[in-house]
Amino acid sequence: MLRVDIITIFPDYFREAFDYGIIRRARAAQLVEIKAHDLRLWTSDKHKVVDDRPFGGGDGMVLKPEPIFAAVDSLSGARRREDVAPKKRVVLLSPQGKTFTQSVAGEFAKCEQLVLICGRYEGVDERVAEALVTDEVSIGDYVLSGGEPAGLVVVDAVVRLIPGALGSETSATTESFSDGLLDYPHYTRPPEFEGMSVPEVLLTGHHAEIAKWRREAAEEKTKRNRPDLLKE
């Protein structure tokens, strides 16, 4: 079972998010356990303060290091990056991180535990990235109000790659990015709709020809929508 612990100042954000679809089924099958934890539980002052003004001035507030280090220590047993067990990852969700890809999701899906740290405000004290986390990841080149939406994306992408999570064992291997290409086009009934026809080859039942068409269609769609994937 993969255990996912999410550290956030808004644990209720995740209250119902994992009660649907593939994630719900994976939880019911005990393939994954997901818990959202309130960062304020690891504060030591009576006001449960988790943020402070940045040194050097500037706008906004910054999440303090003390409660984050304490939370990760409590949940994973590690106080520093070098102490994180081999099959565990401590992940900071941040606009400054490396891009989260299907390949990274596959790595995370093989873990025993993921600890996801959701940033907020102007960011997280840099000592968290420097000394605590094993991975700093971003879901795209844009800025969100916090790491919570990114946490949802990461969990969804990872859980579907856990063996047994999908209804079909081949689904994950044929999806976009799994082999460096976008997914091939999909069609269903009716075969004719408002003058638009399903490609004839898909109606033949000839599996080898269908596979060939799908590969070529995937390459064409990748060339059209994401040519950067073909640059290597």
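All values derive from a computational prediction rather than experimental measurement. Below, each value reflects all heavy atoms present in this structure, side chains not excepted, and no hydrogens, waters or symmetry copies.
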**Report entry** K88 vs R3 side-chain heavy atoms within contact, under 4.5 Å
**Finding:** no

Report summary line: When rounded to the nearest 0.5 Å, the distance separating OG1 of T204 from CD of E209 is 7.5 Å

**Report entry** Side chains of I22 and R25 in contact at under 4.5 Å (non-hydrogen atoms)
**Finding:** yes

Query raised in the report: Sequence neighbours excluded, which residues qualify as side-chain hydrogen bond (donor to acceptor under 3.5 Å, both in side chains) partners of E216?
Result: K212

Query raised in the report: Can any side-chain N or O of Q113 pair as donor or acceptor with the backbone N or O of L75 at less than 3.5 Å?
Result: yes

Query raised in the report: Taking it one step at a time, do E66 and K64 satisfy salt bridge (Lys or Arg N to Asp or Glu O under 4.0 Å)?
Result: CA-CA 6 Å; E66 306 101 302; K64 295 162 59 68; 3.5 Å; yes

Query raised in the report: What's the shortest heavy-atom distance between C118 and L93, and which atoms?
Result: SG-CD1, 4.1 Å

Report summary line: Cluster membership besides I210, Ile/Leu/Val/Met/Phe/Trp/Tyr side chains within less than 4.5 angstrom, sorted by chain and number, is Y187, V198, V201, L202, L203, W213

Requested in this report: Kindly write out the residues that satisfy side-chain hydrogen bond (donor to acceptor under 3.5 Å, both in side chains) with R15, not counting sequence neighbours, or none if the list is empty.
Outcome: D12

**Report entry** Nearest atoms (heavy-atom pairs only) where I9 meets Y121
**Finding:** CD1-OH, 3.4 Å

Report summary line: CD (E122) and CZ (R53) are apart, to the nearest 0.5 Å, by 11.5 Å

Query raised in the report: Is there a donor-acceptor contact under 3.5 Å from the side chain of T222 to the main chain of A218?
Result: yes

**Report entry** Pairing residues for H186 by the ring-ring contact (aromatic ring centres under 6.0 Å, His included) criterion, not counting sequence neighbours
**Finding:** Y184

Query raised in the report: Rounded to the nearest 0.5 Å, how far apart are CD1 of I6 and CZ of F14?
Result: 4.5 Å

Query raised in the report: Can you tell which of L116, V4, L2, D5 makes a side-chain contact (heavy atoms from CB on, under 4.5 Å) with I34?
Result: V4

Report summary line: Heavy-atom closest pair (S138 atom, G140 atom, distance to 0.1 Å) is OG-O, 2.8 Å

**Report entry** Value rounded to 0.5 Å, distance of CH2 in W42 from CD1 in I68
**Finding:** 11.0 Å

Query - Nearest heavy atoms of T99 and V104, plus distance in Å - result: O-CG2, 4.2 Å

Query raised in the report: Backbone N or O of E192 within a donor-acceptor pair of the S197 side chain at under 3.5 Å?
Result: no

**Report entry** Nonpolar side-chain network containing M196, other nodes, edges under 4.5 Å
**Finding:** F193

**Report entry** NZ/NE/NH1/NH2 to OD/OE distance under 4.0 Å, K223 and E219
**Finding:** no

Query - Qualifying residues under salt bridge (charged side-chain N to carboxylate O under 4.0 Å, His left out), relative to K221, sequence neighbours excluded - result: none

Requested in this report: Could you tell me whether a side-chain N or O of R89 sits under 3.5 Å from a main-chain N or O of C111, the two making a donor and an acceptor?
Outcome: no

Query - Heavy-atom closest pair, residues L161 and G106 - result: CD1-N, 3.5 Å

Report summary line: Rounded to the nearest 0.5 angstrom, the CD-CG distance for E82 and L132 is 9.5 Å

Query - Test item: R81 side-chain N/O and V133 main-chain N/O as donor-acceptor pair under 3.5 Å - result: yes

Query raised in the report: How about P185 and R214: do any of their side-chain heavy atoms sit closer than 4.5 Å?
Result: no

